[in-house]
There are 4 protein chains.
Amino acid sequence: MAARSSQQAVEKRRLILDAAVRVFAREGFNGARVSDIAEEAEIAYGLVYHYFRSKDEILDTIFLERWNVMLEAIKAVRAQPISAREQLRAVASFIVESYRRDPDVMKVIVVEVTRAANSFGRAHLAQIREAYDGIAAIVEAGQSSGELRDTVTPAFAAMAFYGAIEQVLTGWIFEVLPGAPEDVDQAKAFVIDTICGGLDAR
Amino acid sequence: MAARSSQQAVEKRRLILDAAVRVFAREGFNGARVSDIAEEAEIAYGLVYHYFRSKDEILDTIFLERWNVMLEAIKAVRAQPISAREQLRAVASFIVESYRRDPDVMKVIVVEVTRAANSFGRAHLAQIREAYDGIAAIVEAGQSSGELRDTVTPAFAAMAFYGAIEQVLTGWIFEVLPGAPEDVDQAKAFVIDTICGGLDAR
Amino acid sequence: MAARSSQQAVEKRRLILDAAVRVFAREGFNGARVSDIAEEAEIAYGLVYHYFRSKDEILDTIFLERWNVMLEAIKAVRAQPISAREQLRAVASFIVESYRRDPDVMKVIVVEVTRAANSFGRAHLAQIREAYDGIAAIVEAGQSSGELRDTVTPAFAAMAFYGAIEQVLTGWIFEVLPGAPEDVDQAKAFVIDTICGGLDAR
Amino acid sequence: MAARSSQQAVEKRRLILDAAVRVFAREGFNGARVSDIAEEAEIAYGLVYHYFRSKDEILDTIFLERWNVMLEAIKAVRAQPISAREQLRAVASFIVESYRRDPDVMKVIVVEVTRAANSFGRAHLAQIREAYDGIAAIVEAGQSSGELRDTVTPAFAAMAFYGAIEQVLTGWIFEVLPGAPEDVDQAKAFVIDTICGGLDAR
DNA sequence: CATGAATGAGAATTCATTCAT
DNA sequence: CATGAATGAATTCTCATTCAT
């Protein structure tokens, strides 16, 4: 019975988180009311406070849940015995696939967290930085092995790489870039081609 | 006399805008109260509303003022008889210099506008897009002349390029990238080196 | 349980409406603050907005609630098989009794709505007109049957009739007419005597 | 020169009052801003405060100016050696003509003053009452001479009489009564016919 | 007299959070 | 667990009035 109700509690929590994602994606964090989330989840809105301490905590949870998956993915990629370029491709692919699978979550993360220098971005800076550092580590290893040029610092290269990807997501979010499935597929190749190969003709 | 008071009015407007930039940079748009702006500008509360219709209009003005300068700069760059790579370098340089000269304004634009898909970003989408299009046009011309590879679409390359730069600004804003003057100088070269030259060793 | 809390909700709404009537009667609609209403109702400020969308909606509700009762009363009077004079007496009696029973509500309606040509009066014109039309219909029927003279149009007679009554209420509100219970009783007869019988000696 | 500028001052004051009448009629007293009045008068809005102490004083002036003319008119009518019925007709005629000549002023008086039991109406109660008393005096004299029936008190008859007229103005203001010139003419006869003759057939 | 910038007290409304049931 | 009524702090915007020029 405890297991049963605990299981229900988990599901209800999930229900709220998923509803919050849709509402935050639609209205933005500031534009969203807790009552909107409750309505979207079809629950009484006092219940939200049984599962979360505050509206902030909901976004924190949404972000951390997904971001930790990404951190794990980056870690896994780094452990693979493949070239730096392949590792970067794998990371780009993971992020792009994350968007394809659940665009709302990525929209919320990109729009409400990773640039929110005075609120959530600052609060989760350590986590965000961990991703940058992981990418930088890939670049650094590539530079050490001679696979990548060492004219730019790894940290800088990591920012350029991550920024390029996030901007592509932003382009989809704003609908200024074509976001059909084949475009999303192509984007993975494009990002690597641009960042690794460079725009210059050889 | 009319000139005098008109001049004063312009200056007071400027005073408010400059104060608002500092406050928005410090607290974020949502965290900033109109009274904070008035206090920062050392004027009476109500005077803000003598010069601006609303808090939103203040941010709109801050954004458009600076963004239009950038659009002009991009236009001017495109008119120059230099290579695509040089044009991209000029654009990157302009944006990075803008940050160096007035980091608060760029922080506000990057943090509160260009990714704010449910508020100001959406409202100014046409302006934002104009910048992307200008960059894409540079890439397209470079591809036509054979200077740049045409394996990625100009629109895509423009997003990657702009995203890389904006992420560097973000890195400075969050202080995860070294932002000393020499780093800022170096960043210009790095961005071009990364995006044009690519990370791959030759 | 649902019935219980629903019932409570209804009662609280009533509590707010009744408090608002007292406050509007005392301070006028414009002079009344929402906080005055909350204080008068002995509830928290924000609860007013749980039950009503705005301060305007409170007055709308107060007006419509009572006015619809009056429209029903006029309709009922018109259905009675009595002379036009008796019908007019019944209408006058109903209005005067409404005032006697709840002078604050009538004060609010007369002072804040029925002459407020740029706000509530205009907003509720259709409802207000319906009352005029009902009275005019009584006059018209009386004229058709020969009971009343047809030297004035029914619409005009209705306005004179209604205006005479409302002015008597105004006299009580301003305390320029004696408003003791016996005066109120007498007023019913007086209105009919004046409007139907005329001031002229026979 | 003093005369000249004093004359100008008088004219400017008039300009403001006339503009205020139009604005109050259009927006209502509460909806009108002092700046609206200045704009309508085509003057700088600080100037309003050279001629009037406050927004309230403007309405006070508008009211008193016209109301005193009416009090004078009623006094003059009472001095005439004509029947009570003729005197009442003259009063009704005066009010109706006042509306015809300047509907905005009468609209402002009727809408913003004579029923405003918590603001201007209360403030000008003495003046308002003087008009009622004048009319009551006419009725009383008519009753003494046997011309009018004495079944109702003069004060009550005065209220019915005045209320009927004001309601007709209200009908024109709300456009629920036909207000063409011939209707306005007819109204004078109608009011007297209704109040003095009564609605009853003989 | 004339101007309109400057002031600041108010007031409505919102909404995250709490809590009694 | 669930409900949604209750709370009240916070904030934007308005606008009458003052005042320096």
Side-chain angles (χ1 to χ4, degrees), chain A residues 5-6 8-9 12-13 30-39 43-58, chain B residues 1-2 4-6 8-9 11-13 16 30-38 41-58, chain C residues 1-2 4-6 8-9 11-13 16 30-38 41-58, chain D residues 5-6 8-9 12-13 30-39 43-58:
Chain A
S5 72
S6 166
Q8 286 184 328
K12 197 63 72 89
R13 216 179 129 85
N30 279 291
R33 284 165 296 185
V34 173
S35 66
D36 293 333
I37 298 171
E39 206 174 323
I43 57 166
Y45 84 87
L47 193 55
V48 172
Y49 286 89
H50 268 270
Y51 291 94
F52 298 94
R53 220 182 305 282
S54 68
K55 188 182 161 190
D56 279 28
E57 201 189 65
I58 298 174
Chain B
M1 247 170 303
R4 171 76 185 287
S5 72
S6 167
Q8 287 184 325
E11 281 163 13
K12 197 62 70 92
R13 215 181 129 85
I16 294 169
N30 279 292
R33 286 163 299 175
V34 174
S35 67
D36 293 333
I37 298 172
E42 294 184 301
I43 57 168
Y45 192 104
L47 195 57
V48 173
Y49 286 91
H50 192 78
Y51 288 96
F52 298 94
R53 226 181 299 284
S54 68
K55 189 181 158 192
D56 278 29
E57 201 189 67
I58 298 176
Chain C
M1 248 171 303
R4 172 75 187 286
S5 72
S6 166
Q8 285 183 327
E11 280 164 15
K12 196 62 70 94
R13 213 180 133 85
I16 294 170
N30 279 290
R33 286 164 298 176
V34 175
S35 67
D36 292 334
I37 297 171
E42 295 182 302
I43 57 167
Y45 196 104
L47 195 56
V48 174
Y49 286 91
H50 191 80
Y51 289 96
F52 299 94
R53 223 181 301 280
S54 68
K55 189 180 158 192
D56 278 30
E57 202 189 66
I58 298 175
Chain D
S5 72
S6 165
Q8 286 184 326
K12 196 65 70 87
R13 220 181 125 83
N30 279 291
R33 283 165 297 185
V34 174
S35 65
D36 291 335
I37 298 171
E39 204 174 324
I43 59 168
Y45 84 85
L47 195 54
V48 172
Y49 285 89
H50 269 271
Y51 291 95
F52 299 93
R53 221 182 306 279
S54 68
K55 187 182 161 191
D56 278 28
E57 201 190 64
I58 298 175

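What you see is a predicted model; the values in this text were computed from it and never measured. Residue numbers start from 1 in every chain, and the chains themselves are labelled A, B, ... in the order their sequence lines are given, proteins ahead of strands.
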*Take Glu42(B) and Asn30(A), find for each the nucleotide of DNA chain E with the closest heavy atom, and name the residue whose nucleotide sits nearer the 5' end.*
Glu42(B)

*Which listed nucleotide (dC1(F), dA6(F), dA6(E)) is nearest to the side chain of Leu47(B)?*
dA6(E)

*So, is Tyr49(A) near the phosphate of dC19(E), with a side-chain N or O under 4.0 Å from OP1 or OP2?*
no

*asked:* Working to the nearest 0.5 angstrom, can you tell me the gap between Tyr51(A) OH and Ile43(A) CD1?
replied: 8.0 Å

*Whole Å only: how far is the CD1 atom of Ile43(B) from the P atom of dT18(F)?*
21 Å

_Please compare Ala32(D) and Lys55(B) by the position of their nearest nucleotide in DNA chain F and report the one closer to 5'._
Lys55(B)

*From the options dA5(F), dT12(F), dA16(F), select the nucleotide whose nearest atom is closest to the side chain of Arg33(D).*
dA16(F)

*Expressed in angstrom and rounded to an integer, what is the separation of Glu57(C) atom CD from dT13(E) atom C1'?*
13 Å

*asked:* Pick the closest DNA chain E nucleotide for Ser35(A) and for Val48(D) by heavy atoms, then say which residue is nearer the 5' end.
replied: Val48(D)

*asked:* Distance check needed: dA6(F) C1' versus Arg13(C) CZ, whole Å only.
replied: 17 Å

_Residue Glu57(D) excluded, over 12 heavy atoms near CD under 6.0 Å_ = yes

*Considering every strand shown, what is the Watson-Crick or G-U wobble mate of dA20(F) when both distances are under 3.5 Å?*
dT3(E)

*Using atom OH of Tyr45(B) as one end and atom P of dA11(E) as the other, report the distance to the nearest whole Å.*
15 Å

*If you check the Val34(B) side chain, which of dA16(F), dT12(F), dT18(E) turns out closest?*
dT12(F)

_Any base atoms under 4.0 Å from Phe52(B), or only sugar-phosphate, or nothing? Heavy atoms, all strands._
nothing

*Which nucleotide, dC1(E), dC13(F), dG4(F), lies nearest any side-chain atom of His50(D)?*
dC1(E)

*Shortest non-hydrogen contact from Val48(C) to Ala38(C)?*
CG2-CB, 4.1 Å

*asked:* Please report the distance, rounded to the nearest Å, between CD in Glu11(C) and P in dA5(F).
replied: 14 Å

*Could you state the interatomic distance from CZ (Arg13(D)) to CD1 (Ile58(D)), rounded to the nearest 0.5 Å?*
9.5 Å

_For Tyr49(B) versus Ser54(B), what's the shortest heavy-atom pair and its separation?_
CE2-CA, 4.0 Å

*Would you kindly give the OH-to-P distance between Tyr51(B) and dT7(E), to the nearest whole Å?*
10 Å

*Roughly, in whole Å, what's the span from CZ in Arg53(A) to C1' in dT18(E)?*
15 Å

